[in-house]
Amino acid sequence: MTRDAAGLDKNFNHQEAEARLYKWWEESGFFRADPAAPGRPFVIVIPPPNVTGKLHMGHALDETLQDILTRYHRMCGDNTLWLPGTDHAGIATQNVVERALAAEGGSREELGREKFVERVWRWKNEYGADIVHQLRRLGASCDWSRERFTMDEGLSRAVREVFVSLYEQGLIYRDYYIINWCPRCRTALADLEVEHEDRPDHLYYVRYPVVGKEAVLTVATTRPETIFGDTAVAVNPQDSRFQDLIGEKVLVPLTDRVAPIIADSYVDPDFGTGALKVTPAHDPNDFKLGQAHRLPSLKCIDDDGRMNQAAGRYAGQDRFDCRRNMLAELEEGGLLEKTEPLTHAVGVCYRCKTVVEPNLSRQWFVRTAPLAARAARAVRDGETAFVPKNWEKTYFEWLDNIRDWCISRQLWWGHQIPAWHCLSCGQTIVSREDPLACPYCGEDLERDPDVLDTWFSSALWPFSTLGWPDQSPDLARYYPTTCLVTGFDIIFFWVARMMMMGLHFMKETPFRTVIIHALVKDAEGRKMSKSKGNVVDPLNIVDRYGADAFRFTLCSLAGHGRDIRLSDERVAGYGKFVNKLWNAAKLVLNNLGAARLSDGAPAPLTLPDRWLRSRLDRTVRLMRRHLDEFYYDRLADVIYHFVWDEFCDWHLELIKPMLYGEDEAARVSVQSNLVYSLSVLLKLLHPIMPFVTEELWSKLPGAPGSLMLAPFPEGDDQVLDPAAEERIGFLMDVTRATRSMRADFGLPQAQKLAPLVKCGEPALASALEEYSPLLLKLMGAESLGLAGAETAKPRDAALAAFPWGEVWLPLAGHIDLAEESRRLEKELAGLGKEAKAARAKLANADYVNKAPEEIVEETRERLSAMEARTETLKRSLNLLREMEAP
RNA sequence: GGGCGGUUAACUCAGCGGCUAGAGUAUCAGCCUUACAAGCUGGGAGUCGGGGGUUCAAAUCCCCCACCGCCCACCA
C-alpha cells in the first residue's frame with residue numbers, strides 16, 4: 001500500500017494496527033495501576049465472564065462501556081484500575097467437562113471426584129483463557145497483572161473466611177427444607193436459578209375414596225405422579241361442600257395408604273374442585289401445609305427424577321413415564337374423573353432447562369434478611385446509585401421480598417464447603433483450618449461433599465480480588481470501587497449479593513455507581529441464541545469493520561433503554577466515520593508545514609480558527625458531561641457531529657484557501673491551529689476509538705508518548721467566542737442560501753454565480769468582506785458582493801431572507817419567474833403559519849402573564865424577525881408578479 | 001397475580017413541559033470540487049399508538065384503553 005508524505009496509508013489498516021498497538025500498550029505497562037501513585041482512585045472490577053464462555057455481544061457491550069470510562073479517567077489523571085478476571089461457573093463448567101468425558105465414553109462417577117476436578121482444572125487452563133484473549137481484541141485496557149479467577153488461591157481463602165464468619169455469626173445454617181432440585185444436574189438450585197416457563201399442560205381430576213363412607217373426594221392436580229407422596233388432602237375450612245368430610249380419611253389412589261382430610265385457609269375453593277392433594281416432600285406449598293399440620297413427608301421421586309419404592313410398581317420409572325402409565329391405571333380403575341387442558345408456569349433449571357423437582361433435602365442456607373436490609377438501605381441512603389435510576393425499584397423489590405439463599409450444590413467443581421461431619425457423634429464442624437478429628441468425641445470426620453453456589457464467590461468479587469482478607473495496599477487504595485457496569489439480568493444474581501457481602505464484610509458499599517445497560521438483541525429485536533441461529537460473533541465484526549467502528553457503534557446504541565438492536569449496517573456506518581477521521585487527519589498531517597504540537601496551544605488568529613476553537617470548547621464540555629453522567633449515546637452523537645459536520649464539512653473547507661494560499665502568516669496560523677485542534681479531537685475520541693486515534697497521534701508532529709496517557713481536554717472560558725460563532729454562522733447562512741438557490745433553479749455546478757448580500761450589521765458585513773474569498777469555492781461563485789443600504793434588489797435576482805438581511809442571486813437569463821414565485825410562496829406559507837402561532841401566543845393574556853419572562857421575550861423577538869422576513873419576501877413576490885404580468 | 005418498559009419519518013432510535021419534533025440508515029435530485037464516491041451539495045418524508053384530563057403551553061405530566069416485550073411470583 002502506498003503511503004503519503006505524512007506516512008499514512010490510503011485507509012486505516014485496522015487489522016494490522018490493532019494487534020501492534022495493543023501489544024505496545026500492554027508491554028509498556030500502560031494498563032497497570034499503582035496504588036502508591038497519586039490521583040483520585042477510579043476503579044472498576046470486571047463482571048467476570050464464565051471460563052466456559054466465548055465472547056458474545058453482551059460482553060462486547062459491557063467491556064466497551066467499561067473501557068470508555070477507564071480510558072477517560074486514566075487520561076484525566078485519576079489513579080485508574082480496571083481489574084479483570086474470570087468466574088469458575090460451577091454447573092456450566094462441570095457440564096462442559098462431563099460432556100467431553102461422555103464423548104470419550106467415560107463419566108465423572110467412573111473417574112472419581114479428585115480425578116474429575118483435576119480434569120476440570122486442565123480444561124480450564126487450556127480453554128479458560130480464550131475469553132480473556134478475546135477481550136484484548138476489543139482494546140480493553142485491563143490491568144492484566146491483577147487478573148483473578150474465582151477459584152484461585154486468594155479468592156478461595158476469601159470464600160472460606162466468609163463462609164466460616166457467617167456461620168459463626170449465625171448467618172449460615174444447615175437444615176432440611178424443600179428446595180429446587182434439578183434431576184439432570186443432580187443438584188439443588190437457588191430460587192433464582194429456576195426459570196418459569198408457561199407451558200401447555202393438563203389438570204387431572206382424580207377421585208380419592210373417603211374411608212368408611214360412600215363419598216369420594218375429587219382432587220385436581222397437574223402432577224398425578226406425586227400422589228404416591230400424598231400425606232393429606234386439604235380443603236378450605238369455609239367451604240360448605242366439605243364440612244362433613246373434614247377430619248375423615250381418604251384412601252390414596254393406587255396405594256394402600258390412608259391420609260387425613262384437613263382444613264386450611266390456604267386452599268382456594270374456586271380452583272379445581274376446591275380440594276387439594278398435599279405432598280409435603282415435593283411441593284413448596286404442601287411442605288408448608290405439612291409443617292403447619294404436622295404431616296409426615298413422603299418422598300416418592302429420587303434425585304435422578306425416577307420414582308422410588310413409595311411408587312410401588314412404578315418404582316424405577318422416570319417421573320414423566322410414571323405419570324403416563326399411572327394415568328392409564330387410574331382411568332381403568334374409574335379414578336380419573338376428567339382431564340382439562342391447563343397452561344401454567346413450570347419451573348426449569350436455568351442451566352439445562354430440565355423441569356425442576358421440588359425436593360425435601362438437607363442443605364446449607366444464608367440467612368439473608370439482615371444482609372438484604374442493609375443492602376437496600378445503602379441504595380435508599382444514596383451510598384450507591386443506579387444509572388438509570390429506575391432500576392433501583394427492581395433492586396428494592398427483590399431485596400424487600402428476599403428468602404433465604406440455598407448455597408449448597410451437589411457438584412464437584414467449585415469451593416467445597418468447609419464443614420465436617422462426625423461419623424460417630426454427628427456433630428458438624430465448620431472451620432478455617434481442616435480439622436483432623438472430631439473435637440467433641442475424637443472420632444473420624446467426613447468433609448461435607450457439597451460445593452458452594454458459584455454466585456457465592458462472585459458476591460465477594462469487589463474485595464476478594466483486591467486481596468481481602470489481607471489488608472493489602474490494593475484493598476486500602478481501591479475499595480470501594482467506583483463503577484460497576486453490567487446488564488439488568490444479573491441485578492439479583494450478582495449486584496444485590498455483592499452489595500450484601502460488601503457491606504457486611506467491608507462495612508462500606510462495594511461501588512458508588514451501578515451502571516445498568518441494555519441487552520444486545522439482533523436487528524429484529526430477538527434475543528440472540530444458538531438455537532435461533534442469529535448469534536453475531538463480535539470478533540467477526542471486529543475483523544470486518546475494526547474494533548473502533550464496533551466500539552463506536554456499541555457506544556452510540558447504549559442509551560438508557562432495555563434492549564439494543566445491533567445491525568451490520570450501523571457498524572458499517574461508523575466504519576465510514578473512522579475512514580472520515582482518517583482522511584481528515586491525512587489532509588491535516590500532509591499540510592502542516594513546520595507546525596508541531598509541542599509548540600503549544602496557538603493564539604487563534606483567523607476567524608475560522610477562533611470559531612473552531614470555540615465550538616471545540618463547547619464539545620469538550622459536553623463530552624465531559626456525558627461521560628460523567630454515563631450518557632454514552634449522547635457522547636457518541638456529540639463527537640460524531642462535531643467531527644463530521646463542523647470540523648470536516650466547514651472548518652477544513654473554510655481554511656483550505658489559506659492552507660494552500662500565498663499568505664504565509666495566515667497559513668502558519670491555520671497550520672498551528674490544525675495540529676492543535678486535531679490533537680484535541682484525537683483525545684476526545686480516544687476513549688471510544690482507541691486504535692485509530694493512537695495511530696494518528698503517533699503521526700502527529702510533536703505529540704509525546706502514547707495518546708492513552710495524554711491529558712483529557714478541559715473546558716476553557718478564554719476560547720469561547722460567541723462573536724466568532726455568530727460571524728461564521730452568518731457566512732454559513734450565505735453559503736447555504738446560495739447553494740440551495742442553485743439547486744432550486746437547477747443551475748449546473750459549472751455555472752458560476754455572483755450572489756449579493758445585503759446586511760445591516762456592520763460586524764457581519766465586514767466579516768463577509770474579509771472572508772468572502774474563502775466562500776467562493778464552497779458556493780461555486782465567482783464573486784460575492786455586498787449591497788449597500790440603499791441598493792435595491794435586482795429584478796431578476798432570486799431571494800433568500802434572514803433575520804440579519806438578504807441574499808440575492810442575480811440570475812440574468814436563468815431565472816424562472818414561476819419557479820421563484822413558487823419558492824417564495826412556500827417559504828411565506830411556512831413563515832406565516834409560524835408567525836400566526838407566535839401572534840396567537842402573544843395575544844393570550846394568560847401566556848404573557850404566566851409564562852416566564854424570558855420565554856415571552858424570546859417569542860416576541862422571534863415574531864419580529866419573522867415579520868421582517870415576511871415583508872422582504874412579500875415585496876420580492878410582488879415584484880415578480882409585476883414582471884410576470886404582461 | 002404483582003411490577004417494569006415500549007409504541008415518534010420507510011427502518012433503527014433520540015428528544016421527556018416552552019425555538020418550525022431531530023439524527024443515522026434508506027430514498028429522490030445534482031456533482032469524480034487535488035483528505036475521503038467509504039465522498040460532496042440540495043431536497044422530500046412524521047394527525048409523536050387511541051381517548052380523556054392538568055396547564056398560558058403536552059411527544060414530554062396524570063388517568064383510562066389497545067397492542068408488543070421483559071422481570072418477579074409457592075394457586076394445585
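Computed from a prediction, not measured in an experiment: that's the story for all the values here.
- Nucleic acid contact for A:Arg403: base, since at least one base atom lies under 4.0 Å from a heavy atom of the residue.
- Nucleic acid contact class of A:Thr222 (heavy atoms, under 4.0 Å, all strands): sugar-phosphate only.
- Proximity of a side-chain donor or acceptor of A:His282 to a complementary backbone N or O of A:Cys300 within less than 3.5 Å is detected.
- Looking at heavy-atom distances under 4.0 Å, A:Asp649 makes contact with sugar-phosphate atoms alone, never a base.
- Rounded to a whole Å, the OH atom of A:Tyr640 is 15 Å from the C1' atom of B:G22.
- Checking side-chain atoms of A:Arg241 against main-chain N and O of A:Pro269 turns up a donor-acceptor pair under 3.5 Å.
- Nearest to the side-chain atoms of A:Lys656 among the listed nucleotides B:C13, B:C56, B:A35 stands B:A35.
- Residue-level contact check: A:Asp268 touches the bases, meaning some heavy atom is under 4.0 Å from a base atom.
- Using a 4.0 Å heavy-atom cutoff across all strands shown, A:Pro852 reaches at least one base atom of the nucleic acid.
- Here, B:C28 and B:A45 have their C1' atoms 10 Å apart, quoted to the whole Å.
- For A:Glu653 and B:A35, a side-chain-to-base donor-acceptor distance below 3.5 Å is present, hydrogens and geometry of angles not being considered.
- Rounded to an integer number of Å, the gap from CG of A:Asp645 to C1' of B:G39 is 14 Å.
- One P atom belongs to B:U60, the other to B:G49, and the distance between them is 8 Å to the nearest Å.
- Within the nucleic acid shown, A:Arg223 has no heavy atom closer than 4.0 Å to any nucleic acid atom.
- Taking the six-membered ring where tryptophan is involved, the planes of A:Phe287 and A:Tyr177 are perpendicular, since the angle between them exceeds 60° and thus also 30°.
- Under the 3.5 Å distance criterion, the side-chain polar atoms of A:Asp404 are matched with a main-chain donor or acceptor of A:Thr368.
- Here A:Phe492 lies in heavy-atom contact (under 4.0 Å) with sugar-phosphate atoms only.
- Taking every side-chain heavy atom of A:His641 into account, B:G24 is the closest of B:G24, B:G42, B:C36.
- Separating the C1' atom of B:C71 from that of B:A58 is a span of 31 Å, rounded to the nearest Å.
- The A:Arg570 side chain lies nearest to B:U12 when the options are B:G42, B:U12, B:G18.
- Ring pair A:His560/A:Tyr631: centre-to-centre distance below 6.0 Å.
- Here the nucleotide nearest the side chain of A:His196, chosen from B:A73, B:G39, B:A14, is B:A73.
- Nucleic acid contact class of A:Tyr660 (heavy atoms, under 4.0 Å, all strands): sugar-phosphate only.
- The distance from atom CZ of A:Arg736 to atom P of B:G42 is 7 Å, rounded to the nearest whole Å.
- Checking B:C19, B:G39, B:G15 against every side-chain atom of A:Lys580, the shortest atom distance belongs to B:G39.
- Checked against B:A35, B:G42, B:A76, the side chain of A:Leu652 finds its nearest nucleotide in B:A35.
- Closest to the side chain of A:Lys777, out of B:U20, B:U12, B:U34, is B:U34.
- Between A:Phe647 and A:His651, the ring planes lie parallel to each other; the angle is under 30°, not in the 30° to 60° tilted range.
- Protein atom CZ of A:Phe287 is 19 Å distant from nucleotide atom C1' of B:C75, rounded to whole Å.
- Look at the C1' atom in both B:G44 and B:A9: the space between them is 11 Å, to the nearest Å.
- Summarising the base pairing, B:U25 is matched to B:A10 through a Watson-Crick or G-U wobble pair whose two defining distances lie under 3.5 Å.
- Between A:Phe488 atom CZ and B:C70 atom P the separation is 10 Å, expressed in whole Å.
- The CD-P distance, from A:Glu782 to B:U33, rounds to 19 Å in whole Å.
- Under the Watson-Crick or G-U wobble criterion, with both distances below 3.5 Å, B:C61 is paired with B:G53.
- Distance noted for atom C1' between B:C32 and B:C16: 45 Å (whole Å).
- For A:Gln749 and B:A37, the CD to P distance is 17 Å, given to the nearest whole Å.
- Closest approach to the A:Glu834 side chain among B:G18, B:U20, B:C36 is made by B:U20 (side chain taken as heavy atoms from C-beta onward).
- When heavy atoms are screened at a 4.0 angstrom cut-off, A:Lys521 is found touching no nucleic acid atom at all.
- Across the P atoms, B:G42 and B:U25 are found 15 Å apart, a figure rounded to whole Å.
- Comparing the same atom, P, in B:G50 and in B:A10 gives a spacing of 14 Å after rounding to whole Å.
- Residue-level contact check: A:Val588 touches neither bases nor backbone, having no heavy atom under 4.0 Å from any strand.
- Ring pair A:Tyr574/A:Tyr640 is perpendicular by interplanar angle, where above 60° counts as perpendicular and below 30° as parallel.
- Using a 4.0 Å heavy-atom criterion, one finds that A:Lys586 contacts the sugar-phosphate atoms exclusively.
- With respect to A:Glu825 and A:Arg822, no salt bridge is recorded, no charged nitrogen being found less than 4.0 Å from a carboxylate O.
- Across B:C75, B:U12, B:C56, the shortest atom-to-atom separation from the side chain of A:Lys850 is found for B:C56.
- The side chain of A:Lys393 sits closest to B:C4 out of B:C36, B:C56, B:C4.
- Using C1' as the reference atom, B:U33 and B:U41 are 10 Å apart when rounded to the nearest Å.
- Remark: B:C4 base-pairs with B:G69. Criterion, Watson-Crick or G-U wobble with two distances under 3.5 Å.
- Relative orientation of the A:Trp391 and A:Phe488 rings is parallel, given thresholds of 30° and 60° on the angle between their planes.
- If you check every strand for non-hydrogen atoms under 4.0 Å, A:Arg742 touches nothing.
- Regarding A:Met866, its CE atom lies at a distance of 9 Å from the C1' atom of B:C19, rounded to whole Å.
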